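Numbering starts at 1 and runs along the sequence shown. All figures in this text were calculated on a predicted structure; none of them were measured in a lab.
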Amino acid sequence: MTYCTTLDQFAMALSSPGAPPRTDEERAVDVPLVNGFADRMSRLTDSARNLLAFLIAEPGLLGLVEVSRRTKTGQYTIRRIVEELERENYAYIDPEPEEGEPREPIRLTSPGYFDGWPFFEDLRTYATDHETIRRVIVDLDFSVLD
């Protein structure tokens, strides 16, 4: 596992043009938060990290059947993996989708320790390709965000 040290590239990519550079105080809060997330991610199974990376990379909401089809993984297995992600408050299967949504959508959530920061959405915005998300979430190379 490789921790991040500054998150400067990540923050720069997400900030609006002309925004002031990040302060040392912001780094002092954000870097330990992301590195704590890295530690938590390291305790997940490879299957859970792979599914989470897949869900983050997908721009739209997918249902259980579609995730199963695209990942070539059985629905029972997807359910078990999502249960693991749900225990960490990363994703869950919604039993009551809104009208027009797929049946049993798998929703990403923001863990409480991120205090409202939509980290997964920001990661999707920063990493415009699936490979970068895989490097962070699956390979645990958080230095990609520096």
Side-chain angles (χ1 to χ4, degrees), residues 1-16 19 22 25-146:
M1 176 169 39
T2 308
Y3 292 112
C4 63
T5 56
T6 65
L7 292 174
D8 286 346
Q9 294 297 319
F10 185 62
M12 189 179 349
L14 298 172
S15 63
S16 52
R22 289 169 29 102
E25 292 79 22
E26 289 170 320
R27 282 186 202 93
V29 171
D30 295 343
V31 169
L33 191 64
V34 172
N35 287 337
F37 171 67
D39 287 335
R40 288 177 183 87
M41 290 300 299
S42 72
R43 293 190 289 268
L44 290 177
T45 62
D46 288 344
S47 297
R49 290 199 313 268
N50 273 292
L51 182 59
L52 183 59
F54 172 81
L55 294 170
I56 292 169
E58 286 299 314
L61 183 63
L62 298 177
L64 175 66
V65 172
E66 184 66 10
V67 170
S68 175
R69 185 185 71 77
R70 289 192 191 183
T71 61
K72 296 179 175 64
T73 305
Q75 291 180 35
Y76 176 82
T77 302
I78 296 291
R79 284 182 190 282
R80 299 293 74 82
I81 295 169
V82 172
E83 285 176 0
E84 180 181 357
L85 294 173
E86 187 172 9
R87 282 191 295 274
E88 297 298 323
N89 199 28
Y90 297 149
Y92 68 99
I93 297 173
D94 187 347
E96 298 178 12
E98 299 292 323
E99 188 174 322
E101 291 183 339
R103 200 171 128 251
E104 298 184 291
I106 301 176
R107 298 189 190 280
L108 292 173
T109 57
S110 184
Y113 53 83
F114 276 124
D115 196 29
W117 177 12
F119 181 77
F120 297 147
E121 291 174 29
D122 285 352
L123 182 58
R124 180 187 303 130
T125 300
Y126 170 74
T128 56
D129 61 89
H130 184 76
E131 187 52 37
T132 302
I133 294 172
R134 278 189 50 74
R135 280 185 61 198
V136 173
I137 299 297
V138 178
D139 300 339
L140 302 173
D141 182 1
F142 285 80
S143 69
V144 170
L145 306 176
D146 287 336

Note: [X]-[Y] ion pair, threshold 4.0 Å (strictly below):
X      : Y      : value
Arg79  : Glu104 : yes
Arg22  : Asp30  : yes
Arg135 : Glu131 : no

Distance check, rounded to the nearest 0.5 Å: [X] atom [atom1] versus [Y] atom [atom2]?
X      : Y      : atom1 : atom2 : value
Asp46  : Leu51  : CG    : CG    : 12.5 Å
Glu58  : Glu66  : CD    : CD    : 8.5 Å
Ile133 : Ile56  : CD1   : CD1   : 6.0 Å
Leu44  : Ile81  : CG    : CD1   : 11.0 Å
Asp39  : Phe142 : CG    : CZ    : 9.0 Å
Lys72  : Thr77  : NZ    : OG1   : 15.0 Å

Quick one: list whatever passes side chain to side chain donor-acceptor pair (under 3.5 Å) with [X], sequence neighbours left out.
X     : answer
Glu83 : Arg80
Thr2  : none
Thr45 : Glu84

Heavy-atom pair of closest approach, residues Ile137 and Arg49: O-CD, 3.1 Å
Heavy-atom closest pair, residues Leu62 and Pro102: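 For Leu62 versus Pro102, the nearest heavy atoms are C-CG, 3.9 Å.
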Listed partners of Glu98 passing side chain to side chain contact (heavy atoms under 4.5 Å, CB included), at least two apart: Glu101, Arg107
Side chain to side chain contact (heavy atoms under 4.5 Å, CB included) involving Ser15 - partner list, sequence neighbours excluded: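 Applying side chain to side chain contact (heavy atoms under 4.5 Å, CB included) to Ser15 gives Ala19.
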Side-chain touch [X]/[Y], heavy atoms, less than 4.5 angstrom:
X      : Y      : result
Val34  : Leu145 : yes
Phe120 : Leu52  : yes
Glu26  : Leu7   : no

Single hit among Asp129, Asn50, Asp139 for side chain to side chain donor-acceptor pair (under 3.5 Å) with Arg134: Asn50
Pair Phe119 and Phe10, ring centroids less than 6.0 Å apart: yes
Between Tyr113 and Asn89, a side-chain donor and acceptor under 3.5 Å: no
Test ring pair (Phe, Tyr, Trp, His ring centres under 6.0 Å) applied to Phe37 and Tyr3, step by step: CA-CA 10 Å; Phe37 171 67; Tyr3 292 112; over 10 Å; no
Working for side chain to side chain contact (heavy atoms under 4.5 Å, CB included), residues Ile106 and Ile78: CA-CA 10 Å; Ile106 301 176; Ile78 296 291; 3.9 Å; yes
All pairs passing side-chain hydrogen bond (donor to acceptor under 3.5 Å, both in side chains) where residues 118-127 contributes a residue, at least two apart: Trp117-Asp122
